[in-house]
Amino acid sequence: MLLEQIINGITLGSIYAIVALGFTLVFGVLGIINMAHGEIFMFGAFIGVTVTSTLGLPIWMAFLAAIAATAILGYLLEQFALRPLRGKKGVSHLAPLISTIGVSIFLENLSHHLFGAGNHPFKSSFAEIHYTIGSITIYLVQILIFVISVILMIALSYWLSKTKAGKALRATAENLETASILGVNTKQIITLTVIIASAMGGIAGILVGMAFNSVNPQMGLSIGLKGLAIIILGGMGNVKGAMAGGLILGLAETFIVAYGDSGYRDAIAFIAIIVILLIRPQGLFGKKTSEGRP
Amino acid sequence: MTLLKVSGIETYYGKIQALKGVSLDVEQGKIVTILGANGAGKTTTMKTIAGLLKPKSGTVEFLGENITGLRPDQLVKRGISLVPEGRAILSGMTVMENLEMGAYQRNDKEIAKDLEDVMQRFPILKERKNQLGGTLSGGQQQMLAIARALLSRPKLLLLDEPSMGLAPLIVADIFKIIKEIKDSGTTVLVVEQNARQALKIADYGYVLETGKVIVHGPSHELLEDPRIMEAYLGKKSE
Ligand SMILES: Nc1ncnc2c1ncn2[C@@H]1O[C@H](COP(=O)(O)OP(=O)(O)O)[C@@H](O)[C@H]1O
Ligand SMILES: [Mg+2]
């Protein structure tokens, strides 16, 4: 059923968009790919499982706990893995990237210890609630995912374009030195950015847990690579590009599974990247000339 | 009264020493100019004062307070605002957003009024307020950069080569604006290659050569010193 597949695709795509937004915010401000973002996302999912399935608490508490935990992880990431490498002479520009890879491996191992290997079901009381309209079945969870994603995207867009802190973030992303002489404490803005991005990753983690009813320590890697694919697709550091890219990938994957060969599901993101890079190297929404960052 | 007192600053880029003990005073209410050939250390001096570079030795005092090594945003709070070489317009933000960023640290009620005033003074900015900063011409960008810096209500405005790359008519405009800024009570320290024009509006000046002040004095003295005009201010001045 076409409509059902579109709904599935949008659900998946809006989660991808949230993951990609986390990547793109950090890339915009720091010019680095945060390879630990996927594992922070995975932690968010595990916090969700723990709060709902293990402790039996309501889902909104899972969200609060996941946001808090991943925000703290973001803060620690910036404080201990990124900041010490910044502005130091003789530090390779690849060092922060490698540092985030280190953090991602650490977090994956940590989650093995804390939560155990293997799949954890995401038992939430309303996972089975669904509505049937004609021949279409929609799960409440899908509606929830969509609504939360849309609210998050609107809120972020509004924050970036209308608030003082959001404008300071954009100024910092465009040029750190310029932002600083205008009076922006860029250190603070960078920390804030990593925290917000990580918390968005945490929210996405719970959403994925709910959508697939399964959480495991390896889930960070694949979602991380897809997030990366999406920001290349949408244009590095581009907020609209991340949203559109996420939706495109979500729909494409869903349709491949429904009407094509499900074996290609995870390949589609990377095939899309190759095609896009050949036709439009700057990404769908990226500017032609790369500016700002050397 | 001395607003800014720079004493023997030595600033390095890695192992390269760009400033070899620069000292200068900026008196309140004056226009002071720093002249010198390319690579003399003018920009390095400005960046050190604005907190973008930290000197290895020497001090910077502002209103009697030692401000050496403070961050740029802390200096904006104290009343120092830099218009950097190349203007540094935020090209992905609108003209209005650029101006708003100028008032970033302020919380008072007069920001809206100041924005309105600035756009009155530079009508082209009002006309283009919803365009991206990157779409402005060089002269318009310089106006925007100066207007933006003024929106922090600085006590000291630092201008690094404001006339660079602009057509002569626009250069004249810029110098007129600098004069008006002084008349409205803001002290100005301006770096220029355009020596003759800078000395015409400045009260006094410093000439830098390879990281050192080699001559300083009132503008009329520097203007009348044929040796200096020829040797240090170059053939560029006409
Ligand atoms: N980022 C940098 N790295 C290394 N050396 C620099 C850098 N910027 C400037 N310099 C050197 O410092 C000296 C002073 O430069 P600068 O202050 O830009 O001069 P000016 O503004 O008077 O043209 C020059 O010798 C220049 O080559
Ligand atoms: Mg210079």
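Quick note on labels: first sequence line is chain A, next is B, and so on, each numbered from 1.
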With a cut-off of 6.0 Å (strictly less than), are more than 12 heavy atoms of other residues, nucleotides or ligands near [atom1] of [X]?
X	atom1	value
B:Y12	OH	yes
A:Y158	OH	no
A:K240	NZ	no

When you measure from the side chain of A:K164 to the backbone N and O of B:Y104, does any donor-acceptor pair fall under 3.5 Å?
-> yes
Answer yes or no: is there a side-chain heavy-atom contact under 4.5 Å between [X] and [Y]?
X	Y	result
B:S81	A:I181	no
B:S91	A:E174	yes
A:T178	B:L90	yes

Nearest-0.5 Å distance that lies between atom CE in B:M101 and atom CZ in A:R170 = 9.5 Å
Can you measure from CE (B:M93) to OG (A:S161) and round to the nearest 0.5 angstrom?
-> 10.0 Å
Hey, is B:K47 close enough to A:E177 for a salt bridge, meaning N to O under 4.0 Å?
-> yes
Compare every heavy atom of A:S180 with every heavy atom of B:L52, then report the nearest pair and how far apart it is.
-> CD2-OG, 3.6 Å
Side chain from CB out, backbone as N, CA, C, O: work out which of these in A:A179 comes under 4.5 Å of a heavy atom of chain B, or both, or neither.
-> neither
Which bit of [X] comes within less than 4.5 Å of chain A, counting heavy atoms only: side chain, backbone, both or neither?
X	answer
B:R106	backbone
B:L151	neither
B:A103	backbone
B:E100	side chain

Could you name the residues of residues 184-192 of chain A that have a heavy atom within less than 4.5 Å of a heavy atom in chain B?
-> A:V184, A:N185, A:I189
